[in-house]
Amino acid sequence: MASPLTVASGSRYNDINTFQQLSLLHQSPRLESSKSVGQLKQFHAFIIKTGSPQHQTQILYDKIISLSRGNEIENLSLQNPQVYLYNFIIQCLSNANPLEAIALYREMLIKGLLPNTYTLPYVLKACWQSQSLRVGQQVHAYSMKTALLSNVYVFNTLMRLYAVCGLIKAVHKLFHFRQHPQAQRDLVSWTTLIQAYVKMDYPTEAILSFFDMCQANLRPDGMILVIVLSACSKLGDLSLGIKIHRYITDNHFNLSPDVFIHNALIDMYLKCGNIPSARKVFDEMPVKNVVSWNSMIAGLTHRGQFKEALDIFRRMQGLGLKPDDFTLVCVLNSCANIGWLELGKWVHTYLDKNHINTDGFIGNALVDMYAKCGRIDQAFGVFRSMKCRDVYSYTAMIVGLAIHGKAWKALDIFSEMSQVGIEPDEVTFVGVLSACSHAGLVEEGCKHFLDMSRVYNLQPQTEHYGCMVDLFGRAGLIREALDLIKSMPLVPDAFVWGALLGACKIHAKVELAEIVMENLVRFEPEGDGAYILMTNIYSSKNRWKEALKLRKKMKERKVKKTPGCSLVEVYGEFYEFRKGDKSHPKTLEIYKLLDEIMHQSKNHGYIL
DNA sequence: GTAGGGTTAG
């Protein structure tokens, strides 16, 4: 006779295959009249098979509780009907109501029922869902006492608990613990270990474990290769990535249509800086999904290829594919970087039209886009309309206000941030300090710089020292700027020396500039900024000989001057202009208009 | 009836 569990995939319920029908089923009296565990099992299997939404399992749970209070349980032929029912209910609740699931597990123990290898994985899942690590550790102890830990499902789920809680040492210890060698380790155990390393930012350990796994004669599957590729991405190790790619192609475990592998390859090639290979995988993959497009767009954005990223987005739209949150965040990021306000506004309208929630990533990206595209008021509007604001939202707003020279407003937002209890991070302080420096707020800048370590336990990095040097330098406090550099616990880098050289230019400190210049060239031998700035300093003092000498030195050292470039977008078309550029067909009209703007600016009192 | 996958920000 067939087991009742096979019925769900058999003939009896084949006609029921949608959630709507499932929901009707729950409202029908059929379940109420289920008087045997056999029928319950059928429903159970059915619900698991169809992935019923949580509110429906809640309905089922209530019904089962009422059933189990009846006498039917006593008449059942199952070995352990009560444990079975508890397992089932705990499983149903482990997502939607994990604390209740844990309470039921405790109830089982109090009643003297023995949890089995099915119970513990569900309870452990409830533990990470409800962040109940302590309970998880109790389950760990119980599993050792009862030898249930030797079951590979219990073992793997326990590893996952520690991985989800970020306890990488506990994951490692559990995996390698020699005192319970009876614990089986399968491909899932290795996957959990390797993924935990990747998630916790230990990509080298992930790769080493992968090699250990291969040594142990386990054959990797598609899932583990995806994780290993993401470790290569994190390492930026192209040659390793290529080796894994070759391994996949040579062994092609029927993986050729695996969209996950292809997406991971695209991400790996882009993060490792090989754009042509990423494009090749993308163009040749047989099946693409939205993540394939997102990986391309995100990867190109990450590499600073904003126009190319938006070209991919246009191709996606041309094919009528629907973008998701990831796509739109990347698109907004590219818009922010090239100043394409019109496309950014289009994304905003799209979000409104499709009733997409602008909290979280999307809202933060909108704030950043508007601020960087020069629309600080709109940025502020979006910021205020967000129901949930996090450290990223506040930072985007503060940095935006700093760029626009609205220092006091930036400081207001910063104090609002601490009032609502959101902790600033290092980037927030870059915004705060640069706001102070642009507005010449020396006292406020010093206070916030000291607060970083005193109040927020954040160690200033070279960017923060750079901001402070800039702040002192602009205010003419060269002595203070020099003292700060001398007191630095870090080696001053190009950011710091560059700020000081800028100050030398403003205040015409030629001798100091010469010393700073030497330092700066040591850090950035290929950079042209220091040479240009220094040449300008000599020229401003009419020391033409030195200026010429420096230009000659630049030539000798083969330092090339990067031409300044402006990017203007008109109706979706981009126009690039370089110094003295006369390549545009409407050059005459453009220069005429520029002259007019210069003239009017001078009339309004601007010094050009 | 149980466990493991890729892409996003300042």
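Below, chain A is the first sequence line, B the second, and so on; all start at residue 1.
Checking dA3(B), dT8(B), dG4(B) against every side-chain atom of Thr157(A), the shortest atom distance belongs to dA3(B). Comparing dG4(B), dT7(B), dG5(B) against the side chain of Phe326(A) picks out dT7(B) as the nearest. In this structure, of dT2(B), dA3(B), dG1(B), it is dT2(B) that holds the atom nearest to the side chain of Pro121(A). Taking only side-chain atoms of Ser230(A), from C-beta outward, the nucleotide of dG4(B), dT7(B), dG10(B) with the closest atom is dT7(B). Taking only side-chain atoms of Val427(A), from C-beta outward, the nucleotide of dT7(B), dG10(B), dT8(B) with the closest atom is dG10(B). With dG1(B), dG4(B), dA9(B) as the candidates, the nucleotide lying closest to the side chain of Asn87(A) is dG1(B). Closest approach to the Tyr122(A) side chain among dA3(B), dG10(B), dT2(B) is made by dT2(B) (side chain taken as heavy atoms from C-beta onward). Which of dT7(B), dG10(B), dA3(B) sits closest to the side chain of Asp267(A) comes down to dT7(B).
Dashed line: the shortest gap from a side-chain N or O of Gln195(A) to OP1 or OP2 of dG5(B) is under 4.0 Å. Arg160(A) has a side-chain polar atom (N or O) that falls below the 4.0 Å cut-off from OP1 or OP2 of dG4(B). Dashed line: the shortest gap from a side-chain N or O of Asn289(A) to OP1 or OP2 of dT7(B) is not under 4.0 Å. The shortest distance between the side-chain N/O atoms of Lys125(A) and the OP1/OP2 oxygens of dG4(B) is not below 4.0 Å.
Of the charged side-chain nitrogens involved, none lies within less than 4.0 Å of a carboxylate oxygen, so that Asp212(A) and Arg185(A) do not count as a salt-bridged pair.
Within the nucleic acid shown, Thr117(A) comes within 4.0 Å of at least one base atom, counting heavy atoms only. Heavy atoms of Asn116(A) sit nowhere under 4.0 angstrom from any nucleic acid atom. Within 4.0 Å (heavy atoms only), Asp390(A) reaches at least one base atom of the nucleic acid. Residue contacts for Asn151(A): at a heavy-atom cut-off of 4.0 Å it reaches no nucleic acid atom on any strand shown. Counting non-hydrogen atoms under 4.0 angstrom, Val367(A) reaches nothing in the nucleic acid. Using a 4.0 Å heavy-atom criterion, one finds that Asn364(A) contacts the bases of the nucleic acid, with or without backbone contacts as well. Residue Ala365(A) is classed as having no contact, given no heavy-atom separation below 4.0 Å to the nucleic acid.
Evaluation of Tyr118(A) against the base of dG1(B) yields a stacking contact (centre distance < 5.5 Å, interplanar angle < 30°).
Rounded to an integer number of Å, the gap from Leu120(A) CG to dT2(B) P is 15 Å. Between Ile266(A) atom CD1 and dT8(B) atom P the separation is 13 Å, expressed in whole Å. Remark: P of dA9(B) and CG of Asp425(A) are 14 Å apart, rounded to the nearest angstrom. Rounded to an integer number of Å, the gap from CE of Met213(A) to P of dG4(B) is 17 Å. The distance from atom CE of Met223(A) to atom P of dG4(B) is 8 Å, rounded to the nearest whole Å. Going from atom CG of Leu229(A) over to atom C1' of dG5(B) covers 11 Å, rounded to whole Å. If you take CD1 of Ile362(A) and P of dT7(B), they are 18 Å apart, rounded to a whole angstrom. Rounded to an integer number of Å, the gap from CZ of Phe260(A) to C1' of dG5(B) is 6 Å.
Note on ring orientation: taking the six-membered ring where Trp is involved, the planes of Trp293(A) and Phe282(A) are perpendicular (angle over 60°, cut-offs 30° and 60°). A perpendicular orientation is assigned to the rings of His448(A) and Phe414(A), their planes being inclined by more than 60° (bins at 30° and 60°).
Aromatic rings from Phe175(A) and Trp190(A) are positioned such that their centres are separated by under 6.0 Å. Residues Phe449(A) and Tyr465(A) place their aromatic rings such that the two centres sit under 6.0 Å apart. For an aromatic pair to be called close, the ring centres must be under 6.0 Å apart, and Tyr118(A) with Tyr153(A) fails this.
Residue side chain Thr192(A) does not reach the base of dG4(B) through any donor-acceptor N/O pair under 3.5 Å, judged by distance alone. In the interface, the side chain of Asp258(A) is paired with the base of dG5(B) through a donor and an acceptor atom under 3.5 Å apart.
A side chain to side chain donor-acceptor pair (under 3.5 Å) with Thr395(A) is found for exactly one of Asn364(A), Thr428(A), Asp390(A), namely Thr428(A).
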